[in-house]
Every structure is written in structure tokens, then in C-alpha cells.
Amino acid sequence: MRSELYIDGQWVKPIKGGTCEVINPATEETIQTIGAATAEDVDVAVKAARRAFDKDGWPKLSGAQRAKYLRAIANGIRARQSEIARLEVLDNGKPFPEADWDIADAAGCFDFYAGLAEQLDNNPQETIVLSDDRFISKAVKEPIGVAGAIIPWNYPLLMAAWKVAPALAAGCTVVLKPAELTSLTALELAAVADEAGLPAGVLNIVTGAGSVAGQAIIDHQQVDKLAFTGSGPVGSKIMAAAARDIKRVSLELGGKSPFVVFEDADIDEAVEWVMFGIFWNQGQVCSATSRVLVHEAIYDRLLARLIEETNKIKIGNGLEEGVLLGPLVSKRQYEQVIAAIEGARKAGATVACGGRRPDGFDKGYYLRPAVLTDVPLDSDAWVEEIFGPVVCVRPFKTEEEAIKLANDSRFGLAAAVMSKDDVRVERVAAAFRAGIVWINCSQPTFTEAPWGGYKESGIGRELGRWGLENYLETKQITRYI
Ligand code: TAP
């Protein structure tokens, strides 16, 4: 288990010697002490990334050469998949099969961007047809420079991969700050990159508090691009910091995503997807479909099945066989989710099931998944992201009403619809004001497809070719002939 910062190809202790504790949310025990970087460490990391970009030639390598490193990282992750997945469970609490899936996905992400790096060689420039034939123009793609990446704790390694893989593929160098709560697998990524022979300075990992190490990255004048996933308030701070010296910014923020279920949906299938949409990863998913709108004709039946199935979910330590729901990531998160449920109750909602510590658990941040009904439309529980295993369920009468309720949010990350009527689902999909729309399912995520939100859910798109664009500038070159 790594504990030091990874800067300029070396494992180093923070200059000021600060540390932070890593706690296993299943047992509340400290499992590691890691470095707490300060602005001084971030400065060394950014300067190393700067040198790797400006002088050492990372952006000058061909896409195929960079792809070799990315593939070696992908293979390095896969070679240690179970070990890294286990570490993710200890650090984050998620069930092992989910962690194993995440780690495989992270490796796949490096492979995918290796492919796009190679394509940059084949298609580096675009000829532009001009209105004046005395000139010829072309558009060339070039890497932005040094990217500062800041990620949350819900998908620790996967979020790192979503940022590091496209950045390196594009030819950028990176300073990554993982969430203080879950830094262990990001450090393993550094170890894998080191074993893959990635040149010094190309990838730097600084662990520590967001308010210190994260703030130092966003304030650093030699960082060209900020890529962030996390909460809205921190996203706003990042945009404000970026505005000072016009850094490029991409933000993946929160959501309060709707799932509209029409009367012709199969109830068992709908319940399965509704549960997947909100209880996967303990509901700590930005795109979780946390507001479920059910046609009144099937509302009572669907709700009864949902409660029945929710009560059957096996809760426990993510390393135990058959566990579907692990602990929440931290005491703070646990208390926030409990407070949100209490707030809903006070606002007049009914807690139809769950919402309390399960019997038999006196340690760990465990919570019985909750189904809320009669949630007032102006209450926090309906409006604000809870980021836990809590779903609000509400009946609707007409398609028009469902779309209005679905879109009535300041967020617009994702939305889902379920119906056997192909024309209707396409119509509703088109009406959703959200960056990701799922038809007859919820949450499947593919490295090839764009990911990001409308409204306050963010700016820019990750994944697919859109994710690569985040790290590229476009240069116009015009010649007089
Ligand atoms: P945040 O508190 O926003 O933390 C995200 C990251 O930002 C962490 O690494 C954090 O460091 C860092 N940070 C905090 N303050 C900072 C500052 N002043 N300057 C720079 N960095 C700073 O969010 P969270 O609690 O980790 O995650 C929960 C929220 O993130 C939810 O709202 C959720 O919806 C959203 N989220 C969105 C997505 C997508 S894909 N849109 C994915 C996951 C989560 P520390 O860990 O040290 O605080």
C-alpha cells in the first residue's frame, strides 16, 4: 500500500511532513496514513509537469508512442486487478464485484484512449475550404499543456482514469489530486505508470486536502487546464479560480436525475432498473436516478414491489460474498444522508422503508436503503442531491406532467424513461433537458459515449472522442499562396 506523493517520477514525503489518515468505512479503522500535500508540493509537481510538457517532449511524441505507454498502464492495472479492487473496497466501502468492475473499466479507459492517441497521428489536421483562393488554411489539434485534475471519492480509480487517460493521450501532462478519503488506488495508478516507464513528470499524484492541495492546483498559474469532478460549490470555486488566468475548464458536477416509468412498463423489470439506478455504489453516484416518477395506473403495485425488494438487499462489508450494499464512504457522508432523510420526514414525506442503521451493525457507516414517498416538490429531499441510497417516488397522470416534473430541476446530468412504446420513449428522451438519457434502463456507462451534464450539472463532456477534445487546442494555420 503506497503512502507517499508521486512527483516527477519519485515517491516523496510532503515538504512540510503533513499526513492524513485513511479510514475503512466498513470497520472505522485506520488502514493507512498518507501524505498531505501543501502548496509547496503542488508547486514542485506542477513545475515537473511543466518541464515534461515544455522541454522533455511528451507532447512531441507521436500518438502511437504515447499509446504504448497507455496500453502498458492498462495492462499493468489488469495484471493487479483483484488486488487494486480489494484496496478500493477497503478505502471506499463498495462491494468487491462493483470495485472489480470499476478497475476493469479503468483499464479499458486507458486502452480506449490509446486507440484515440493513435488516431491523432492519422488525422492530425483538417484542411479548410476558404472563400478566398489566394489562401489555404488548416486546423491542427495540439495538447493544451499541464492539466490539473481533481476527483471525488465515489469511483476513485475510475475517475482518475477518465481524466488521466485522455489527457495523456492528447499529449498533456497531469497533476492529479484524488479525494482525501480515497487516495490509495490513485497511488497504485502512479505505481503502475512508473512500472510502465512513463517519463518523469508526465503524471504526478498529490494527495491531501482539497482546501489545501486542491486549492493550490487551481490557483497555480502554470496549470493550463482544470478538469474536475465533484460538488457544485467546489465546481464554482474552480470556475472562479480559472477565470483569473483563463484556464480551460471541464466540470462534472452533481445531479438529481429523474426516472419516468409509464403504465405499459413491466413492473419487475422497472423495479430492477430503479434499484440499480439508485442503490448501485450505495447511491453515491452523480447520475443516480433519485427521483422516480411512476404512472398512477401502476404506482401502488410498483411501489409495493420496490419496498419488498429494497428490504431484501444484503448489506455488509464489501469484501463479504453476496453483499449488494456496503457502508457509505465516511462518517460525514453517513450523517449527511441521515440528516437528509430526517429533513424529508420533517417536510412531510413518508419514509416507506429503510433510512436507518441496519440491525446488528455497531461499527461502519451502514444505512438501510430508503424509499421516500409524498415528498413535497419544494422540499430539499426532492430538489437537492442526497448522494446516498435514498429514492423519492411519486405518481404522475400524463406524459406532459412527467416531463415537466422531470425537467423541473437546476441539474441536468441524466434522465431515464421506461415504456414499451418506442415512439413515446424517443419523444420523452428528446424532451429531457439532460446530458445523458437512458431508455428502458438506468446507469449503463460506456467509455465510447459522451458523459456530462446540462445546467448546473457541469460543463464539457468526458469519455469518447469528446473526452479527448477536453485536452486539445485547435490551431488555425493559414498560408498565402
Ligand atoms: P467535493 O467536496 O466537491 O470534492 C471533490 C474533490 O474536490 C475532492 O478531491 C476534494 O478534496 C476537492 N476539493 C475540495 N475543495 C476544494 C478546493 N477548494 N479547491 C480544489 N479542490 C477542492 O465533492 P465530493 O464530496 O468528493 O463528492 C460528492 C459530490 O460530487 C456530489 O455532489 C456528487 O454529485 C458530485 N460528483 C459528481 C460526479 C459527476 S461525474 N458529475 C461524480 C462524482 C461526484 P477533498 O477530498 O480533500 O475534500
Note, V223 side chain near K247 side chain (heavy atom, < 4.5 Å)
yes
Do W438 and I436 have side chains that get closer than 4.5 Å, going by heavy atoms?
yes
Examine Y69 together with F110 and report whether their ring centres are nearer than 6.0 Å.
no
Regarding T38 and E40, is there a side-chain donor-to-acceptor distance under 3.5 Å anywhere?
yes
Parallel, tilted or perpendicular: which describes the rings of Y6 and W11, with under 30° parallel and over 60° perpendicular?
tilted
Of E399, M418, K420, which is the lone residue that meets side chain to side chain contact (heavy atoms under 4.5 Å, CB included) with F262?
E399
Between F387 and W153, does the ring centroid distance fall short of 6.0 Å?
yes
Side chains of E462 and N470 only: does a donor on one sit below 3.5 Å from an acceptor on the other?
no
Which residue, V146, V46, D8, forms the side chain to side chain contact (heavy atoms under 4.5 Å, CB included) with R51?
D8
Is it true that S257 and S287 share a donor-acceptor pair across their side chains at a distance under 3.5 Å?
no
Which class fits the ring pair Y480 and F135: parallel under 30°, tilted 30 to 60°, perpendicular over 60°?
tilted
Can a salt bridge be assigned to the pair D41 and K16 using a cut-off of 4.0 Å between side-chain N and carboxylate O?
no
Parallel, tilted or perpendicular: rings of F276 and W273 (30°, 60°)
perpendicular
With a 4.5 Å limit on heavy-atom distance, are the side chains of N154 and N281 in contact?
yes
Looking only at side chains, do S409 and K455 share a donor and an acceptor under 3.5 Å apart?
no
What do the steps show when you test L405 against V260 for side-chain contact (heavy atoms from CB on, under 4.5 Å), and what is the final call?
CA-CA 10 Å; L405 283 167; V260 176; over 6 Å; no
On a heavy-atom basis, which atom in P14 and which in G35 lie closest, and how many Å separate them?
CG-CA, 3.6 Å
Check: E469 and K141 side chains under 4.5 Å, non-hydrogen atoms:
yes
Distance (rounded to the nearest 0.5 Å) between H295 NE2 and L293 CG:
11.5 Å
OG-CD1 distance between S82 and I103, expressed to the nearest 0.5 angstrom
10.0 Å
Before we go on, tell me: are the rings of W162 and W451 under 6.0 Å apart, centre to centre?
yes
Please report the shortest heavy-atom distance between D219 and A241, naming the atom on each side.
OD1-CB, 4.0 Å
Do you see a donor-acceptor pair shorter than 3.5 Å between the side chains of T182 and N92?
no
Do you know which two heavy atoms are closest between T185 and P156, and how far apart they sit?
OG1-CB, 3.7 Å
Heavy-atom count check: over 12 atoms from other residues, nucleotides or ligands less than 6.0 Å from R244 CZ?
yes
Tell me whether the count of non-hydrogen atoms from other residues, nucleotides or ligands lying under 6.0 Å of NZ in K237 goes above 12.
no
If you take all heavy atoms of V337 and P389, which pair is closest and at what distance?
CG1-CD, 4.5 Å
For E180 and C20, the nearest pair of non-hydrogen atoms, with its separation, is OE2-CB, 3.5 Å
Within-4.5 Å side-chain heavy-atom neighbours: R248 and I246:
yes
Could you check if a side-chain atom of E142 sits within less than 4.5 angstrom of a side-chain atom of K475, using non-hydrogen atoms only?
yes
Looking at every non-hydrogen atom in both residues, tell me the closest pair between F96 and A85 and how far apart they are.
CE1-CB, 3.6 Å
